[in-house]
*Asks:* 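Take this structure first; my questions come after.
Whatever order the structure lists them in is the order used to number ligands and atoms, beginning at 1. Keep in mind that this is a model prediction, so the values were computed, not measured. Because only heavy atoms are used, hydrogens play no part in the values below, and waters and symmetry mates are left out as well, while side chains stay in.
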Amino acid sequence: MLLGHLGVSLLAHRYLQADLAPVVVAGVFPDVVDKGLCQGLRVLPSGRMWGHTLLGLTVSTVLAGRLWGRRAASSWAVGYLGHLVADLEGQVPWLYPFAPYDFSPSPSFWGILRQQLTRPGAIVLEVLLLGWAAVAVLRDA
Ligand SMILES: [Zn+2]
């Protein structure tokens, strides 16, 4: 969920010296793309498709490099990869469209939120992760 992805990005900023803006934006980018197209515009069947692939990682990193330079691109790649790894509790279609995946229909935004609320342990873990990241980043500011 969002809090966990922000936490992972902030930890990458702190411990891997990734630039803050690209690592944080890339850390939420796969969900912005796929959930925006699935739950928002309803043009994709799943909230984990194109944005959750190695192809999406590669293309967006190349674009980030062209737009903002090499350092921002490497920070972007770290944030993006951190998002995909953090999503491993579910299906991540790493090789789509080069390999077949079963994209079962995703729930709505409210359905996703309801699912998350039934897993209080996961919420606590994400809050703790974000808290650790915030302390780690702010301590050195
Ligand atoms: Zn995701």
Side-chain angles (χ1 to χ4, degrees), residues 1-138 140-141:
M1 222 165 105
L2 180 62
L3 298 180
H5 290 308
L6 290 174
V8 168
S9 292
L10 290 174
L11 290 172
H13 166 67
R14 168 63 181 83
Y15 294 109
L16 301 177
Q17 282 78 44
D19 288 349
L20 183 60
V23 79
V24 168
V25 173
V28 296
F29 188 77
D31 280 349
V32 169
V33 170
D34 286 344
K35 290 182 174 34
L37 292 172
C38 177
Q39 281 86 7
L41 299 176
R42 300 174 192 258
V43 295
L44 292 181
S46 173
R48 289 187 180 180
M49 284 190 76
W50 293 96
H52 288 75
T53 65
L54 290 176
L55 180 63
L57 166 64
T58 303
V59 169
S60 66
T61 299
V62 168
L63 287 173
R66 294 269 178 165
L67 292 171
W68 303 304
R70 188 172 242 175
R71 177 155 174 84
S74 64
S75 297
W76 178 275
V78 167
Y80 205 114
L81 188 59
H83 180 106
L84 298 183
V85 170
D87 272 357
L88 283 176
E89 95 290 347
Q91 175 179 272
V92 176
W94 295 94
L95 301 177
Y96 184 76
F98 307 109
Y101 289 89
D102 177 27
F103 293 110
S104 53
S106 292
S108 67
F109 281 122
W110 292 114
I112 292 171
L113 186 60
R114 269 195 305 274
Q115 282 179 351
Q116 294 296 321
L117 292 175
T118 63
R119 299 173 31 209
I123 294 172
V124 169
L125 183 64
E126 290 196 34
V127 169
L128 289 174
L129 181 67
L130 183 58
W132 169 30
V135 168
V137 168
L138 294 174
D140 295 335

*Asks:* If we ignore hydrogens and angles and just use 3.5 Å, is the side chain of S46 paired with the main-chain N or O of F103 as donor and acceptor?
*Replies:*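 No.
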*Asks:* Residues in side chain to side chain contact (heavy atoms under 4.5 Å, CB included) with L88, at least two apart?
*Replies:*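 L88: side chain to side chain contact (heavy atoms under 4.5 Å, CB included) contacts with V85, V92, W94.
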*Asks:* Hey, which protein N/O/S atoms does the Zn ion (ligand 1) have under 2.8 Å?
*Replies:*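 Short answer, with waters excluded from the count: D31 OD1, H52 NE2, H83 NE2, D87 OD2.
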*Asks:* Determine the interplanar angle of the W68 and W76 rings, folded into 0 to 90°, and report it as parallel if under 30°, tilted if 30 to 60°, perpendicular if over 60°.
*Replies:*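 W68 vs W76 ring planes: tilted.
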*Asks:* What's the shortest heavy-atom distance between G51 and P30, and which atoms?
*Replies:*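 Smallest interatomic distance, heavy atoms only, reads O-CB, 3.2 Å.
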*Asks:* What residue among L128, V8, L130 forms side chain to side chain contact (heavy atoms under 4.5 Å, CB included) with L3?
*Replies:*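 Between L3 and the candidates, side chain to side chain contact (heavy atoms under 4.5 Å, CB included) is satisfied uniquely by L130.
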*Asks:* Does S9 reach the main-chain N or O of G79 with its side chain, forming a donor-acceptor pair under 3.5 Å?
*Replies:*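 Not confirmed, S9 side chain does not pair with G79 backbone.
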